[in-house]
Asker: 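The structure is given below, and queries will be raised subsequently.
Residue numbers count from 1 along this sequence.
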Amino acid sequence: MAKYEVTELSFIGGTLRKEGDVIDFEGEPGPNLKALDKAADKAVKAVPSKAAVRLIAEARLHATARGDSPDNAGEGDFDTAVEALKVKPSDEVKAEVLAYLAAQAAAARSEERRVGK
């Protein structure tokens, strides 16, 4: 589990945490957590940028609208999301979104194999 320092008063895991508390946390860290170890650094780097989050959500929505799992959103869904949101993402944001979607799809396939679907 990753170790973080709480940077502002926060409600985490059903407990009110004050600034300066050191906690173990598993999940996607928010801006209220400062990484204190390698596992936390890795988790922080895996969180998509604000610019990417909206495109990821929209691409996943489009995958669902076409009858697929949101975990199977791909480049076509990204292109549809860009068109629907009327945005022009940078090459870096596009690469970030597509890498995130690919990782989600790979994780979903891995889980399906694990449970025998």
Asker: Could I get the full list of salt bridge (Lys or Arg N to Asp or Glu O under 4.0 Å) partners for Asp41, not counting sequence neighbours?
Answerer: none

Asker: Sequence neighbours left out, what pairs pass side-chain hydrogen bond (donor to acceptor under 3.5 Å, both in side chains) with at least one residue falling in residues 42-57?
Answerer: Ser49-Glu96

Asker: Does Ser110 reach the main-chain N or O of Ala106 with its side chain, forming a donor-acceptor pair under 3.5 Å?
Answerer: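 No; zero donor-acceptor contacts below 3.5 Å.
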
Asker: Which pairs pass side-chain hydrogen bond (donor to acceptor under 3.5 Å, both in side chains) with one or both residues in residues 84-94, sequence neighbours excluded?
Answerer: Ser90-Glu92

Asker: Extract all donor-acceptor atom pairs below 3.5 Å that involve side chains of residues 67-74 and protein atoms in other chains or at least two apart in sequence.
Answerer:
from  : atom 1 : to    : atom 2 : distance (Å)
Asp68 : OD1    : Asn72 : ND2    : 2.9
Asp68 : OD2    : Arg66 : NH1    : 3.1
Ser69 : OG     : Asp71 : N      : 3.1
Asp71 : OD1    : Arg60 : NH1    : 2.9

Asker: So which atom in Gly27 and which in Ala43 form the shortest heavy-atom distance, rounded to 0.1 Å?
Answerer: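 Distance-wise, the nearest heavy atoms are O-CB, 4.4 Å.
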
Asker: Please report the interatomic distance CG(Asp37) to OH(Tyr4), rounded to the nearest 0.5 Å.
Answerer: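 If I round to the nearest 0.5 Å, the distance is 7.5 Å.
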
Asker: Taking only distance into account, with no hydrogens and no angle test, what donor-acceptor pairs under 3.5 Å do side-chain atoms of residues 7-21 form with protein atoms, sequence neighbours excluded?
Answerer:
from  : atom 1 : to    : atom 2 : distance (Å)
Thr7  : OG1    : Asn32 : O      : 3.0
Ser10 : OG     : Glu8  : O      : 2.7
Ser10 : OG     : Asn32 : ND2    : 2.9
Asp21 : OD2    : Lys18 : N      : 3.0

Asker: Got Ile23 and Leu33 here, is their nearest side-chain heavy-atom distance under 4.5 Å?
Answerer: yes

Asker: Can a salt bridge be assigned to the pair Glu112 and Arg109 using a cut-off of 4.0 Å between side-chain N and carboxylate O?
Answerer: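 A salt bridge is absent here (no side-chain N lies under 4.0 Å from a carboxylate O).
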
Asker: Check which hydrophobic residues are tied to Phe78 through side-chain heavy-atom contacts below 4.5 Å, counting indirect links as well, and list them.
Answerer: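 ILVMFWY cluster around Phe78 also holds Leu55, Ile56, Val82, Leu85, Val87, Val93, Val97, Leu98, Tyr100, Leu101.
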
Asker: Same cluster or not: Phe25 versus Val6, using hydrophobic residues (I, L, V, M, F, W, Y) connected whenever any side-chain heavy atoms lie under 4.5 Å apart?
Answerer: yes

